[in-house]
A.B. asks: 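Mind having a look at this structure? Questions to follow.
Please read these numbers as outputs of a predicted model, since none were measured by experiment. Letters A, B, ... are given to chains in the order of the sequence lines, protein chains preceding strands, and every chain is numbered from 1.
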Number of protein chains: 2
Amino acid sequence: MSRRSGILEFAVLGLLRESPMHGYELRKRLNTSLGVFRAFSYGTLYPCLKALVANGWLIEETDSAPEGASAAALTGRRAKIVYRLTAAGKEHFEELLAHSGPDAWEDEHFGVRFAFFGQTSRDVRMRVLEGRRSRLEERLEKMRTSLARSRERLDDYTLELQRHGMESVEREVRWLNELIESERAGRDQRAPGPAAQHKNQSGDTGGLPRHRGGSRPDPSDDTTT
Amino acid sequence: MSRRSGILEFAVLGLLRESPMHGYELRKRLNTSLGVFRAFSYGTLYPCLKALVANGWLIEETDSAPEGASAAALTGRRAKIVYRLTAAGKEHFEELLAHSGPDAWEDEHFGVRFAFFGQTSRDVRMRVLEGRRSRLEERLEKMRTSLARSRERLDDYTLELQRHGMESVEREVRWLNELIESERAGRDQRAPGPAAQHKNQSGDTGGLPRHRGGSRPDPSDDTTT
DNA sequence: TGCTGATGTATCGATTCGATACATCCAGAC
DNA sequence: GTCTGGATGTATCGAATCGATACATCAGCA
C-alpha cells in the first residue's frame with residue numbers, strides 16, 4: 001500500500017459514497033470524472049477493492065435478478081458485483097477527508113483531494129491549497145536554480161522545454177492563488193457543508209491546479225486494460 | 001522493455017552522445033535538464049545501462065587514477081563507471097531520432113523527443129509536433145464529450161477540475177501551434193543541422209508542451225532513490 | 001577529529017502496469 | 001432471424017517500475 005494505492009483507496013471510497021457501483025464503472029469514473037490525472041488499471045483496482053472489503057469498508061452485493069424474480073440463481077448468472085460503502089467505510093472516508101498532511105498536496109494526491117473538496121471542510125481545503133502552492137513554489141525555485149546553472153550548455157529546444165515547464169508551474173500557482181483568494185472571500189459566507197451545489201455563481205471561483213498536468217495517458221482512452 | 005524503458009533508452013543514448021557520464025550524473029540530467037517530466041529511479045536506470053552495454057551501444061570505462069598515476073589499482077578504488085557511446089550506439093540513436101511513429105507523441109515520449117529536437121531533422125520535428133497536436137485534440141474532444149454527458153451531476157469543484165484540465169490541454173495545443181508555425185516560417189532558412197545554436201532570436205519560438213504536465217514528482221528533488 | 005552532505009554504484013521487495021482471457025448483452029447489418 | 005462488433009463486466013499474470021536502502025568515497029567545516 002504505497003503512495004499510490006493510498007489515493008486510489010481514497011478515490012474509491014469517495015466515489016462509492018455517492019452511490020454503489022460496479023468495478024467497471026468505478027474505473028471509468030476514476031479516469032474521467034475525477035479530472036485528467038491518472039489511469040488506474042484493473043490490476044490495481046480489483047485488488048484494492050478486495051482489500052477495502054476485507055477491511056469492512058465496503059460490502060459487495062451480487063446484483064442478481066435484474067428482471068424476473070426467480071431468474072436469478074437459475075441461470076447461474078454472471079457475477080456482477082456492486083460495491084457499497086458501509087457505515088464504517090463512510091466513517092473512514094470522513095477521517096481521510098479531514099487529514100491535511102503533506103502528501104495531500106503531492107502530485108499523486110492533490111487532484112483527487114481537490115475533486116472531493118465539495119465534502120471537505122473549509123480549513124482543510126485551505127491547508128491543502130496552501131500546502132500545494134508552497135510545494136509548487138519550492139519546485140519553481142529548484143527549476144530556476146538548475147536552469148541558471150545550466151543555461152549556457154543547453155540548446156534552444158531544451159531551453160524551450162525548461163521555459164515551458166516553468167511557465168506551466170507558474171500558471172498553476174496563479175490558479176491556486178485565485179482559488180485561495182476565493183476561499184478567503186467566501187469565508188463564513190457559504191457553509192462548508194457537504195456537496196454544496198452553488199453552481200458557479202458569478203465569475204468563476206478560480207481554478208484548480210492541473211493535477212498530473214494537462215497531459216496524461218488519456219484516461220478516456222478505452223484501451224481495455 | 002515496455003513503453004517506458006523505450007524512452008529511457010533513447011534519453012540515455014542522447015545524453016551520452018554529448019559526453020560520457022556516470023550513472024549518477026545521468027540520472028540527474030534525466031530529471032532536470034530534460035524538462036520537468038519524469039523521475040527515473042536507479043532501479044530502472046542501472047538495468048537499462050547494463051542492457052545498452054550488452055547491446056554494444058555503450059561501453060563502460062572505469063575512470064581509474066584520478067590523480068596519482070599508480071594510485072589506481074593499488075587502493076582497490078571504488079568502481080566509478082563512466083559510460084561512453086560506441087559508434088554502433090551513435091548509429092542506433094540516429095535511427096531512433098529518425099522515427100516519427102505514433103508513440104513519439106505519446107505523453108511518455110514527447111518531452112524527451114522534443115528535448116533532442118536540436119539533432120532531429122526538420123521533417124521529423126514537424127511530424128512529431130503535428131502528431132502531438134492531433135493527439136491532444138482527440139483528447140480534448142473526449143474530455144468535452146464526457147464533460148457534456150456528466151455536467152449535471154458534478155459539483156463545482158469537480159467541474160473546476162475538469163475545466164482546468166481542459167484549459168491546460170488547450171494551452172498546450174496553442175503552444176504546439178506556435179512551434180509548428182515557427183518551424184514553417186524557418187523553412188529552408190535555417191539548416192536543420194545538429195544542435196543549432198540560434199539562441200532564441202527575436203520573439204520566442206513558441207513553446208513546448210509541458211510533457212507530463214507542469215507538475216511531476218519533482219525531478220530535482222533529491223530524495224536519494 | 002568527527003559530522004554532514006554530495007557523489008557514486010547497486011539491489012530488493014512491493015507495487016503497478018499492460019495485456020489479455022473470458023462472459024454477457026444489445027444494436028444494427030445483412 | 002441471426003450474426004457481428006462493441007460496450008459492459010470480472011479477473012489474473014508476468015513484466016516493468018518504484019521507493020527505499022545499503023554501501024562506499026570524499027570534501028568541507030566546526
A.B. asks: Would you kindly give the OH-to-P distance between B:Tyr42 and C:dG8, to the nearest whole Å?
C.D. replies: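 Going from OH in B:Tyr42 over to P in C:dG8 covers 9 Å.
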A.B. asks: Let me know, please, whether B:Pro47 or B:Glu25 comes out on the 5' side of the other along DNA chain C by nearest nucleotide.
C.D. replies: B:Glu25
A.B. asks: Please check the phosphate of D:dT17 (OP1 and OP2 only) for any side-chain N or O of B:Ser41 closer than 4.0 Å.
C.D. replies: no
A.B. asks: Closer than 4.0 Å, any side-chain N/O of A:Tyr24 to the OP1 or OP2 of D:dT8?
C.D. replies: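 A:Tyr24 to D:dT8 OP1/OP2: side-chain N or O found under 4.0 Å.
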A.B. asks: Output the rounded distance in Å from CZ (B:Arg27) to P (D:dG19).
C.D. replies: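 Value for this atom pair: 10 Å.
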A.B. asks: Expressed as a whole number of angstroms, how long is the span from B:Glu106:CD to C:dC17:C1'?
C.D. replies: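 So the CD-C1' distance, B:Glu106 to C:dC17, works out to 15 Å.
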A.B. asks: With a 4.0 Å cut-off, would you call B:Arg132 and B:Glu172 a salt bridge?
C.D. replies: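 A salt bridge is present here (some side-chain N lies under 4.0 Å from a carboxylate O).
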A.B. asks: Check whether any side-chain heavy atom of A:Leu154 lies under 4.5 Å from a side-chain heavy atom of A:Gln162, and answer yes or no.
C.D. replies: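 Touching, per the 4.5 Å side-chain cut-off.
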A.B. asks: Starting from C1' on D:dT8, measure out to OH on A:Tyr83 and report it in whole angstrom.
C.D. replies: 15 Å
A.B. asks: Write down the distance between CZ (B:Arg149) and C1' (D:dA7), rounded to a whole number of angstrom.
C.D. replies: 12 Å
A.B. asks: Whole angstroms only, please: what is the CZ-P distance between B:Phe40 and D:dT17?
C.D. replies: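 Roughly 8 Å, once rounded to whole Å.
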A.B. asks: Does the pair B:Arg144/B:Glu170 count as a salt bridge with the N-to-O cut at 4.0 Å?
C.D. replies: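 Salt bridge present between B:Arg144 and B:Glu170.
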A.B. asks: Taking OP1 and OP2 of D:dG9, is either one under 4.0 Å from a side-chain nitrogen or oxygen of A:Lys28?
C.D. replies: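 Answer no for this pair, as no side-chain N or O of A:Lys28 is under 4.0 Å from OP1 or OP2.
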A.B. asks: Output the rounded distance in Å from CG (A:Leu49) to C1' (D:dT12).
C.D. replies: 15 Å
A.B. asks: How many Å lie between NZ on B:Lys80 and C1' on D:dC26, as a whole number?
C.D. replies: 8 Å
A.B. asks: If you compare every side-chain N and O of B:Lys50 against the phosphate oxygens of C:dT9 (OP1, OP2), does one of them come in below 4.0 Å?
C.D. replies: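 Answer is no, no contact under 4.0 Å.
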A.B. asks: I want to confirm an ordering. Mapping B:Tyr46 and A:Thr44 to their closest nucleotides on DNA chain C, which one lands closer to the 5' end?
C.D. replies: B:Tyr46
A.B. asks: Going by the angle between their ring planes, with limits at 30° and 60°, are A:Tyr24 and A:Tyr42 parallel, tilted or perpendicular?
C.D. replies: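 Taking A:Tyr42 first and then A:Tyr24, their aromatic rings lie parallel (interplane angle under 30°).
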A.B. asks: Can you see whether B:Phe93 has B:Arg17 sitting over its ring - NZ or CZ less than 6.0 Å from the centre and within 45° of the normal?
C.D. replies: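 Checked: cation-pi criterion not met.
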